[in-house]
Participant: 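Starting off with a structure, shown below.
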Amino acid sequence: MDFHHLRTDTAFDLDLTLSSGQFFRWKPYKSGYLIQDAQKCFIIWQRNSDLEYTSVCGKVSSQYLTDFFRLDDDLEQIFSRWNDSSVRKAFSRYKGLRLIRQDPWECALSFLCSMASNIPRITQNINTLATRFGASTQTPYGSFSRLPTPEQLAEVSLEDLYNAGVGFRAKYLYGLAKSGLHLESLRDEDYKTAKATLLSIKGIGDKVADCILLFSLDHLEAFPVDTWIMQALQTWIFPDLSGSPAQFAEQARKHFGAFAGYAQQYLFHHARAIL
DNA sequence: CTCCAGGAGTATC
DNA sequence: GATACTCATGGA
C-alpha cells in the first residue's frame, strides 16, 4: 500500500478530535483509525506531529486532510480573544482539539439522528444508513459501505427508513432527502440566511441547524446549544442569565464572536468530562 | 418496570 | 412567547 506523511506544525490531537462527538464514521484500526468521510475512506495514524495515512477508497491527499481537520485554523489566535476561565482551562486541557470540516450531507444526516439520542447510538444509526442504503465498495482492507447519496436516499421508502432503527427521526430523514436542498450552496451565504434555509426543513431546529453550519459549512459563528452546553453556559459563562436555549445561544454568539463555534466545541468537551 | 437521551413539531393558553 | 405533550428506540 501507498503510505504518505503529513507534518502538522500546529497543535493537533487526532484522538481527541475524533472522539469529541462532532463526527461519527470512524473506528480504531491497528493503533490508528479508519475514517469514512462521505464517499471517501482512509486509514490514519498520528505520532507526535506526524500524520501517516493511506487511501482505502477515494483520493486522499495532504491538502484534503488539511481541509478536513482544519489544520490551517490558528487555535492560539482564535482563543487569544477569550478570557473566560472555563474556556481558557478547556483550551489548555484539550490541546489540539479541532473542529472537523465534514461533508454537509453526512453532517445533516448525523445530526438529524442526534436529536434526543446519544453518541453511540448516533454512530450506530449513521452506519446502519450506510449499510442498508449506500453502495458497497470492495477494497484491499475489506468491504465498506458508503453513505447513501441524496439521490440514493430519496429512493428509500419511509417504511424502510423506520425499519432502520432511527425511530421518529425517519420522517425527518425522509423529508430532507425528498427536499432536494443543495446544502453546499449554503457555504457561501451569510450565517443567518443559511440558517433560515436549514430551518425550513422539518426536523431541523436551532441546534441541528447550528451543528450543520458549524461542522460542515464553515460558519464558525454558529453556536449549537444542547443540554450539555446549556449547563456549561449557566454554570461557567452566564451564571446570572436565565432564559431559553435560543437566548443563551444568542448571548454566546455575541460574547464569543466570529469563532464562537470553537468555544462551543471546547466547552462541550469540558462539560461532558466534568459536569 | 421506569427514566432518559448533542431536539423539534404541534397544540393551547 | 411560554409551557406541555408527543415522537421511537435502546440502554441504564
Side-chain angles (χ1 to χ4, degrees), chain A residues 16-26 90 94 97-100 102 104 106-129 131-132 156-179 181 195-217 219-220 222-237 241-253 260-275:
Chain A
L16 197 52
T17 298
L18 288 177
S19 62
S20 66
Q22 54 176 316
F23 173 74
F24 305 95
R25 299 200 77 204
W26 58 273
Y94 309 121
L97 169 59
R98 284 173 184 275
L99 291 171
I100 287 177
Q102 62 180 282
E106 172 167 352
C107 191
L109 296 183
S110 298
F111 284 94
L112 270 181
C113 289
S114 78
M115 49 200 271
S117 190
N118 51 67
I119 291 173
R121 198 169 159 215
I122 300 165
T123 305
Q124 181 188 340
N125 286 158
I126 197 77
N127 284 326
T128 301
L129 292 179
T131 54
R132 291 208 183 183
V156 176
S157 71
L158 183 56
E159 183 183 2
D160 286 345
L161 275 170
Y162 267 102
N163 290 332
V166 295
F168 63 89
R169 305 158 194 88
K171 55 182 175 288
Y172 300 137
L173 294 169
Y174 183 83
L176 174 66
K178 293 291 190 191
S179 76
L181 175 60
K195 184 164 179 178
T197 302
L198 287 174
L199 291 176
S200 71
I201 301 292
K202 275 197 192 303
I204 298 183
D206 264 317
K207 190 267 177 184
V208 171
D210 278 329
C211 284
I212 298 169
L213 292 168
L214 176 62
F215 298 140
S216 73
L217 291 168
H219 289 286
L220 299 192
F223 194 96
V225 173
D226 65 359
T227 52
W228 287 104
I229 288 296
M230 195 64 178
Q231 278 194 62
L233 292 178
Q234 288 172 325
T235 307
W236 296 325
I237 312 294
L241 183 64
S242 63
S244 65
Q247 289 171 307
F248 273 89
E250 172 88 24
Q251 291 305 311
R253 279 197 300 277
Y262 258 109
Q264 189 273 356
Q265 191 61 17
Y266 277 70
L267 285 172
F268 174 72
H269 201 74
H270 199 39
R272 246 196 343 153
I274 71 175
L275 285 183

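Residue numbers begin at 1 in each chain, while the letters A, B, ... track the order of the sequences.
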Participant: For the P atoms, the ones on C/dT6 and on B/dC3, what distance do you get once it is rounded to whole angstrom?
Facilitator: 14 Å
Participant: Which residues pass the side chain to side chain contact (heavy atoms under 4.5 Å, CB included) test with A/Thr197, sequence neighbours left out?
Facilitator: A/Leu181, A/Leu186, A/Glu189
Participant: Could you tell me which residues satisfy ring pair (Phe, Tyr, Trp, His ring centres under 6.0 Å) with A/His270, sequence neighbours excluded, listed by chain and number?
Facilitator: A/Tyr94, A/Trp236
Participant: For A/Gln264, which contact category applies under a 4.0 Å heavy-atom criterion: base, sugar-phosphate, or nothing?
Facilitator: base
Participant: Just the endpoints, please: which first and last nucleotides of DNA chain C, 5' to 3', lie under 4.0 Å from a heavy atom of chain A?
Facilitator: C/dC7 to C/dT9
Participant: Can you tell me which residue pairs pass the salt bridge (Lys or Arg N to Asp or Glu O under 4.0 Å) test with a partner in residues 167-179 of chain A, sequence neighbours excluded?
Facilitator: none
Participant: Verify side chain to side chain contact (heavy atoms under 4.5 Å, CB included) between A/Leu129 and A/Asn125, making sure each step is shown before the conclusion.
Facilitator: CA-CA 6 Å; A/Leu129 292 179; A/Asn125 286 158; 5.7 Å; no
Participant: What distance do A/Ser20 atom OG and A/Ile100 atom CD1 have between them, rounded to the nearest 0.5 Å?
Facilitator: 6.0 Å
Participant: Can you sort out the partners of A/Asp206 under salt bridge (charged side-chain N to carboxylate O under 4.0 Å, His left out), two or more places apart, ordered by chain and number?
Facilitator: A/Lys195
Participant: Sequence neighbours excluded and cut-off under 3.5 Å, please list the side-chain donor-acceptor pairs for residues 224-233 of chain A, or say none.
Facilitator:
from: A/Asp226; atom 1: OD1; to: A/Trp228; atom 2: N; distance (Å): 3.0
from: A/Asp226; atom 1: OD1; to: A/Ile229; atom 2: N; distance (Å): 2.7

Participant: Rounding to an integer number of angstrom, what distance separates C/dA4 and B/dC4 when you compare their P atoms?
Facilitator: 15 Å
Participant: Just to be sure I follow the notation: if a pair is Watson-Crick (purine N1 to pyrimidine N3 plus N6-O4 or O6-N4) or a G-U wobble (N1-O2 and O6-N3), each under 3.5 Å, what dot-bracket string does DNA chain B give, with | for pairs to another strand?
Facilitator: .||||.|||||||
Participant: Among residues 157-167 of chain A, which ones have heavy-atom contacts with DNA chain B below 4.0 Å?
Facilitator: none
Participant: NA contact type, A/Gly203, heavy-atom cut-off 4.0 Å: base, sugar-phosphate, or nothing?
Facilitator: sugar-phosphate
Participant: Sticking with atom P, work out how far B/dG6 lies from C/dC5, rounded to a whole angstrom.
Facilitator: 23 Å
Participant: Quick one: on DNA chain B, does A/Asp206 or A/Arg169 contact a more 5' nucleotide (nearest heavy atom)?
Facilitator: A/Arg169
Participant: C/dG10 and B/dG9: how far apart are their P atoms, nearest whole angstrom?
Facilitator: 24 Å
Participant: Can A/Glu159 and A/Ser157 be counted as having a side-chain donor-acceptor contact under 3.5 angstrom?
Facilitator: no
Participant: Give the intermediate values and the outcome of ring pair (Phe, Tyr, Trp, His ring centres under 6.0 Å) for residues A/Phe111 and A/Tyr172.
Facilitator: CA-CA 11 Å; A/Phe111 284 94; A/Tyr172 300 137; over 10 Å; no
Participant: Could you go step by step and tell me if A/His269 and A/Leu97 meet the side chain to side chain contact (heavy atoms under 4.5 Å, CB included) rule?
Facilitator: CA-CA 9 Å; A/His269 201 74; A/Leu97 169 59; 4.1 Å; yes
Participant: Ring centroids only, cut at 6.0 angstrom: are A/Tyr162 and A/Phe168 within range, meaning strictly under it?
Facilitator: no
Participant: Please give the distance between the C1' atoms of B/dA8 and C/dG11 as a whole number of Å.
Facilitator: 23 Å
Participant: Which residues pass the ring pair (Phe, Tyr, Trp, His ring centres under 6.0 Å) test with A/Tyr262, sequence neighbours left out?
Facilitator: none
Participant: Return the set of residues passing side-chain hydrogen bond (donor to acceptor under 3.5 Å, both in side chains) with A/Gln251 (not counting sequence neighbours), or none when no residue passes.
Facilitator: none
Participant: What contact category does A/Arg272 fall into here, base, sugar-phosphate, or nothing, at under 4.0 angstrom with non-hydrogen atoms?
Facilitator: nothing
Participant: Along DNA chain B, 5' to 3', what are the outermost nucleotides having an atom less than 4.0 Å from a heavy atom of chain A?
Facilitator: B/dA5 to B/dT10
Participant: DNA chain B: A/Ser20 or A/Ile201, which has the more 5' nearest nucleotide?
Facilitator: A/Ser20
Participant: Residues two or more places apart in sequence or in another chain: which of them pass salt bridge (charged side-chain N to carboxylate O under 4.0 Å, His left out) with A/Arg121?
Facilitator: none
